[in-house]
*Asks:* 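If you scroll down you'll find the structure; I have some questions about it.
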Protein chains: 2
Amino acid sequence: MFKALADPTRRTILDELTERNGQTLFEICARLTTKHGLGSSRQAISQHLAVLESAGLVRTRRQGRYKFHDLTTEPLEQIVARWLKPDAPETGK
Amino acid sequence: MFKALADPTRRTILDELTERNGQTLFEICARLTTKHGLGSSRQAISQHLAVLESAGLVRTRRQGRYKFHDLTTEPLEQIVARWLKPDAPETGK
DNA sequence: TTGATAGGCAAGTTGTCACTTGCCTATAGT
DNA sequence: ACTATAGGCAAGTGACAACTTGCCTATCAA
């Protein structure tokens, strides 16, 4: 999961999904190209999404020929728990 | 900084510094070997510490021939701010 | 001043990661 | 049935990252 965060393109994908959740691969491709000025190919993004998914940062649901990608921030809280939380044991929901 | 977190050894170093702050290179080497069962060489650890330092996750202070390493968690809060915080816009200091 | 301790520098090697290329499968529309 | 759209699989390539190796500098004690 930390390795998943190591790549700038993947972090931008997370940003995109933060802004608009449940996008398809092609949507993400388009928005990365236009809004973020990234010239990544479809396959590249596809592989990035696979990494993010196996890191538990993205969850997918299929619907017909579309595959929607949803952000999952829970793994990120591990970071907080591991190095940050000891200082502030409660940020109560 | 995300790339700094991508390496397991570096994360273990952060764990070590979380547990006991202000260690020297040799201390860290010793404790990684004994407590964590890592067989990393001094140079390897040294390079890892350099990465962590340039990522802003570790700060160093020299004193004589010793160089102490202190953990700095502030950069980690970027992560919270970037993907987690939107839910809880204020954790006011 | 000499030896030992704490750390630094730099080149070389190996493995892994991001990306491409080329082709294939599946759903939807006409 | 046929074509376009949405996505998948897998081998190959280039670059970078982790680690080693070998030597060097600086501080402290005797």
Side-chain angles (χ1 to χ4, degrees), chain A residues 1-17 20-72 75, chain B residues 1-17 20-34 36-71 75:
Chain A
M1 166 224 174
F2 293 94
K3 282 197 278 196
L5 289 175
D7 187 88
T9 302
R10 280 197 290 267
R11 291 197 296 273
T12 308
I13 292 177
L14 292 184
D15 289 338
E16 248 311 307
L17 289 176
R20 174 194 274 225
N21 213 7
Q23 298 189 59
T24 67
L25 170 60
F26 275 63
E27 274 181 284
I28 294 172
C29 279
R31 297 175 69 110
L32 284 186
T33 307
T34 62
K35 292 182 43 184
H36 302 269
L38 294 185
S40 306
S41 71
R42 181 183 61 86
Q43 288 83 352
I45 304 295
S46 178
Q47 287 169 14
H48 281 309
L49 285 170
V51 173
L52 288 171
E53 190 176 1
S54 72
L57 288 165
V58 160
R59 225 168 263 160
T60 58
R61 53 198 154 91
R62 268 216 107 103
Q63 190 174 326
R65 61 174 162 176
Y66 299 102
K67 188 180 183 183
F68 301 105
H69 299 79
D70 300 290
L71 187 63
T72 315
Chain B
M1 167 225 173
F2 293 94
K3 282 197 276 195
L5 288 175
D7 187 89
T9 302
R10 281 197 288 268
R11 292 196 296 272
T12 308
I13 292 177
L14 293 184
D15 289 338
E16 249 309 307
L17 290 176
R20 174 195 274 226
N21 214 7
Q23 297 188 60
T24 68
L25 171 58
F26 276 63
E27 274 180 285
I28 295 171
C29 279
R31 297 175 70 112
L32 284 186
T33 308
T34 64
H36 302 270
L38 294 185
S40 307
S41 72
R42 180 183 63 85
Q43 287 83 350
I45 304 295
S46 178
Q47 286 169 14
H48 281 310
L49 285 170
V51 173
L52 288 172
E53 189 176 1
S54 73
L57 289 165
V58 160
R59 228 169 261 159
T60 59
R61 53 198 154 93
R62 268 214 108 103
Q63 189 173 327
R65 60 175 160 176
Y66 298 102
K67 188 178 185 184
F68 301 104
H69 299 79
D70 299 289
L71 188 63

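Both backbone and side-chain heavy atoms feed into the values below; hydrogens, waters and symmetry mates do not. Quick note on labels: first sequence line is chain A, next is B, and so on, each numbered from 1.
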*Asks:* Strictly under 3.5 Å: I want the nitrogen or oxygen pairs between protein and nucleotides 25-27 of chain C, one per line.
*Replies:*
| from | atom 1 | to | atom 2 | distance (Å) |
| --- | --- | --- | --- | --- |
| C:dT27 | O3' | A:R65 | N | 3.4 |

*Asks:* Quickly work out the B:F26 CZ to C:dT5 P distance and round it to whole Å.
*Replies:* 10 Å
*Asks:* Considering every strand and a 4.0 Å limit on heavy-atom distances, what is the contact class for A:S40: base, sugar-phosphate, or nothing?
*Replies:* nothing
*Asks:* Using five pairs at either end of the helix from C:dT1-D:dA30 to C:dT30-D:dA1, determine the angle between the two local helix axes and round it to 10 degrees.
*Replies:* 30°
*Asks:* Would you say a side-chain N or O of A:K3 is under 4.0 Å from OP1 or OP2 of C:dC17?
*Replies:* yes
*Asks:* Given atom CG of A:L52 and atom P of C:dA18, what is their separation to the nearest angstrom?
*Replies:* 10 Å
*Asks:* Kindly compute the distance separating CG (B:D70) from CG (B:L57), expressed to the nearest 0.5 Å.
*Replies:*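 Nearest 0.5 Å value for the CG-CG distance: 13.0 Å.
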*Asks:* Using a 4.0 Å heavy-atom cut-off across all strands, classify B:T24 as base, sugar-phosphate, or nothing.
*Replies:*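 If one applies the 4.0 Å heavy-atom cut-off, B:T24 turns out to touch the sugar-phosphate alone, with no base involved.
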*Asks:* Among all residues two or more places apart in sequence or in another chain, which pass the salt bridge (Lys or Arg N to Asp or Glu O under 4.0 Å) test with A:R11?
*Replies:*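 For A:R11 there are no salt bridge (Lys or Arg N to Asp or Glu O under 4.0 Å) partners, ignoring immediate neighbours.
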*Asks:* NE2 of B:H36 to CD1 of B:I28: how many Å apart, nearest 0.5 Å?
*Replies:* 10.5 Å
*Asks:* List in chain and number order the residues that pass side-chain contact (heavy atoms from CB on, under 4.5 Å) with B:T60, two or more places apart in sequence or in another chain; answer none if no residue qualifies.
*Replies:*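 B:E53, B:V58, B:K67, B:H69.
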*Asks:* Go through the structure and list residues passing salt bridge (Lys or Arg N to Asp or Glu O under 4.0 Å) with A:R59, not counting sequence neighbours.
*Replies:*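 Result, salt bridge (Lys or Arg N to Asp or Glu O under 4.0 Å) vs A:R59: A:E74.
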*Asks:* Looking at B:R42, is its backbone amide N or carbonyl O close enough to the side chain of B:S46 to form a donor-acceptor pair, meaning the two atoms are under 3.5 Å apart?
*Replies:*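 The answer is no, because no donor-acceptor pair under 3.5 Å joins these two groups.
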*Asks:* Which residues pass the salt bridge (Lys or Arg N to Asp or Glu O under 4.0 Å) test with B:R65, not counting sequence neighbours?
*Replies:* none
*Asks:* List in chain and number order the residues that pass salt bridge (Lys or Arg N to Asp or Glu O under 4.0 Å) with B:R20, two or more places apart in sequence or in another chain; answer none if no residue qualifies.
*Replies:*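 Only B:E27 meet the salt bridge (Lys or Arg N to Asp or Glu O under 4.0 Å) criterion with B:R20.
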*Asks:* Could you state the interatomic distance from CD (B:Q23) to CG (B:L32), rounded to the nearest 0.5 Å?
*Replies:* 8.5 Å
*Asks:* If you round to the nearest 0.5 Å, how far is CG of B:L49 from OG1 of B:T9?
*Replies:* 11.0 Å
*Asks:* Taking for each residue the nucleotide of DNA chain C with the nearest heavy atom, is it A:R42 or A:A6 whose nucleotide lies nearer the 5' end?
*Replies:*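 With A:R42 and A:A6 compared, the 5'-side residue is A:A6.
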*Asks:* Round to a whole Å and report the spacing from CD1 of A:I45 to P of C:dC17.
*Replies:* 18 Å
*Asks:* Of all residues at least two apart in sequence or in a different chain, which pass the side-chain contact (heavy atoms from CB on, under 4.5 Å) check with A:V51?
*Replies:*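 Here the qualifying residues are A:A4, A:R10.
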*Asks:* Check side chain to side chain donor-acceptor pair (under 3.5 Å) between A:R62 and all other residues, then give those that pass, not counting sequence neighbours.
*Replies:*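 A:R62 satisfies side chain to side chain donor-acceptor pair (under 3.5 Å) with no residue once adjacent residues are dropped.
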*Asks:* Which residues pass the side-chain contact (heavy atoms from CB on, under 4.5 Å) test with A:F68, not counting sequence neighbours?
*Replies:*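 side-chain contact (heavy atoms from CB on, under 4.5 Å) list for A:F68, sorted by chain: A:T24, A:R61, A:Q63, A:Y66.
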*Asks:* For DNA chain D, note the earliest and the latest nucleotide, 5' to 3', having some atom under 4.0 Å of a heavy atom belonging to chain B.
*Replies:*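 So the outermost contacting nucleotides come out as D:dA17 to D:dC28.
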*Asks:* What is the distance, rounded to the nearest whole Å, between atom CZ of B:R61 and atom C1' of C:dA6?
*Replies:*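 Atom CZ in B:R61 sits about 15 Å away from atom C1' in C:dA6.
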*Asks:* Return the 5'-most residue of the pair B:E27, A:R10 with respect to DNA chain C, ranking by each residue's nearest nucleotide.
*Replies:* B:E27
*Asks:* Where do N or O atoms of nucleotides 13-15 of chain C meet protein N or O atoms at under 3.5 Å, pair by pair?
*Replies:*
none

*Asks:* Roughly how far, to the nearest 0.5 Å, is the CD atom of A:E16 from the CG atom of A:L38?
*Replies:* 10.0 Å
